[in-house]
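Everything on this sheet refers to the single structure shown next.
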Amino acid sequence: MTLISNEMLLKYELRSPEKLPVKIWPDSVEASKHIARSIALAIQRKQQEGEQLVLGLATGSSPIGIYKELIRIHQEEGLSFANVVTFNLDEYYPISPQAEQSYVRFMHEYLFDHIDIDPANIHIPDGTLALEDVNNYCESFEQKVRQAGGIDIQLLGIGRTGHIGFNEPGSRQDSITRLVRLDRITRHDAIREFIDAEAVPYRAITMGISTIMQADTIYLMAWGQHKADILRRTVEGGISTSVPATFLQDHPNVQVVVDQAAADGLTRYQTPWLVGMCNWTEELSTKAVIWLSNKVNKPILKLTDSDYNENHLSELIIEYSTSYDLNIKVHNRLQGTITGWPGGKPKADDSRRPERATPAKKRVLLFSPHPDDDVISMGGTFLRLVEQGHEVHVAYQTSGNIAVHDHDALRFVEFVQEFGQQIPGASPEMKAWLEETQVSLQERDDTSSEDARTLAIKGLIRRGEARAGARFCGLPDEQIHFLDLPFYETGSTRKSPVSQSDVDITKELLTQIKPHQVFAAGDLADPHGTHRVCLNVVFDALKQLKSESWIKDCWLWLYRGAWHEWAIHEIEMAVPLSPLEVHKKRKAIFMHQSQKDRPPFPGEDEREFWQRAEDRNRATAVAYRELGLVEYEAIEAFRRWKF
Ligand code: F6R
């Protein structure tokens, strides 16, 4: 790499489109600990001065790690919150404080119940007021913030609409605490908590932009790939009411704290050659060439020196001497990712293939976070691995029991009831059990919590579907494993933290199978986070088993879940599917009847899972073709994780 001169550094500064200071951490846990530590120090400093610290707090998934760390500091290091006053950003309206989704309940559950804060110092907008009292209430909320001396440290998450608090697009810079309407996208995202779309409130009480902007210090957090796009618009876009978080660009003391996945959308990662000097690794060169090919709409082998020079990539050619050499190199690299032998091609030269040729018959363990991710994300590869004679095992990591509609569960209960009437001597206990379950399913509205029996039925429904899908792909029953990881079994969308027992269950299966290949969901964009947690469990299990002799022969391949695909430059194995294989894969997905049409947690996408899978796999094939590679019907993509 060429040395960077001062002049070039200056050029970097000038070309950087970032208008807010961004601190990037490898993961949200580390980032959250850092913010929590800063808050703890600020509390202690105020204590020494005999003063109060005023905290502005947020809810949602983003601040949970910070609260967890603050609780740890309180419990293990004795930090007192006696001098802390809090103001929460917002609350749904109307909502009862007891409702599972209320922010009052959230704050108590995740923070207040575990620290020594004086309850009189807690302020959370009141979602129970009569409409005519809301204006006065908001005015008094503002007054209380002022009386407390203003907010010292404000925590903010960011919504996909760019909202901070519930200041949705259209909010004014001078807005104060008030009643607002929630944006359609925000309501959609809230379905994961309310389950029933109709139950999501239309309104909320929120601190205004101006209230937030008066805080001394602001931390804006964003974790995960699904925040990457809005983060880029916030950090790099102009100030605009259509992305209210951009108003923060006018604040003198904001820190944007993000994990790598959320940062990935920033220009410095997406197209770093547009910002400044690059360290041209093989992956970055591939990325740049793919970008250029898409930009000028030419296959890679047709790119010319002037295409590179005219698009800020002259440096890259210098690195590789000519565009001709570079084009061939990248083209061959991509070509080498394509294989119809996902378990390795026996007796073939494997020096340029994604998988090893030996052993010819591999033991393969495919982890599926939910019961249908295996077929949705890698159904075609699954079918091939079995057909090519590998010993394939599938492990369903969670029961997926919360994602079955009550009316579907009721059908199964009534089936067993009616079938039971035909069995002579069916026990009265069983009859009573079924009757009670039937009543509870009939009476439950979609937002009330589930009891153990309905969850058991729903879990069994999904188990049967998973079994049918795996059998369709050719697996014998003894190679189908249900892990029912405990972290998932809360009966609601809020999951327990991962514990060693989740990891132990996973380790036990790995030790039993000693796989040569492990496939797992490397999905950072899962809106429920379950995929991410399941991946961490696999990582932890493999890490803890690293001294086992078989581990050195074990390769970990990551597929992406139903929401995103790997970027082309990230793909290390591309498995092409014929039209017939696409059709077979669709049939495997159809085995998951409870997830068809409109499952309880559809995410933001209106398409059914099989449609998303096919669109995604076809899009990858089109992307390969446009780069000048062979044309296929569809492609499933994987990335190897070196652990
Ligand atoms: C919550 C709040 C919202 C959230 C935002 C991000 O009090 O004010 O602005 O911070 O919707 O939510 P999560 O963190 O769940 O992605």
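For ligands, and for the atoms within them, numbers begin at 1 and follow the listed sequence. Here the structure is a predicted model, which is why all the values come from computation and not from measurement.
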Salt bridge or not for R72 and E69, using N-O below 4.0 Å? yes
Looking at E168 and R187, is there a salt bridge between them, counting it only when a charged N and a carboxylate O are closer than 4.0 Å? no
With atom 9 (O) of ligand 1 as the reference point, say which of A245, G165, G159, S61 has the nearest heavy atom. G165
For atom 6 (C) of ligand 1, what's the nearest protein heavy-atom neighbour? Residue, atom name and distance, please. I158 O, 3.4 Å
Nearest neighbour in protein (non-hydrogen) for atom 14 (O) of ligand 1: S62 OG, 2.5 Å
With a 4.0 Å cut-off on N to O distance, would you call E193 and R105 a salt bridge? no
Checking contacts here: is it the side chain or the backbone of T59 that comes within 4.0 Å of ligand 1, counting heavy atoms only? Could be both or neither. both
Measure the shortest side-chain to side-chain distance between V275 and P17 over non-hydrogen atoms and say whether it is less than 4.5 angstrom. yes
Is the shortest distance from a Lys or Arg side-chain nitrogen in R494 or E100 to a carboxylate oxygen in the other one below 4.0 Å? no
Ligand 1 to G157, heavy atom cutoff 4.0 Å, flagged ligand atoms 10 (O)
Part of K227 with heavy atoms under 4.0 Å of ligand 1, whether side chain, backbone, both or neither: side chain
My understanding is that only residues two or more places apart in sequence, or in another chain, count here; which of them pass ring-ring contact (aromatic ring centres under 6.0 Å, His included) with Y396? F482
Side chain, backbone, both or neither: which applies to D189 and ligand 1 if a contact is any heavy-atom pair less than 4.0 Å apart? neither
With a 4.0 Å cut-off on N to O distance, would you call K458 and E489 a salt bridge? no
In terms of its nearest heavy atom to atom 7 (O) of ligand 1, the top option of N88, L89, D90 is D90
Against heavy atoms of H163, which atoms of ligand 1 measure under 4.0 Å? 3 (C), 5 (C), 9 (O), 11 (O)
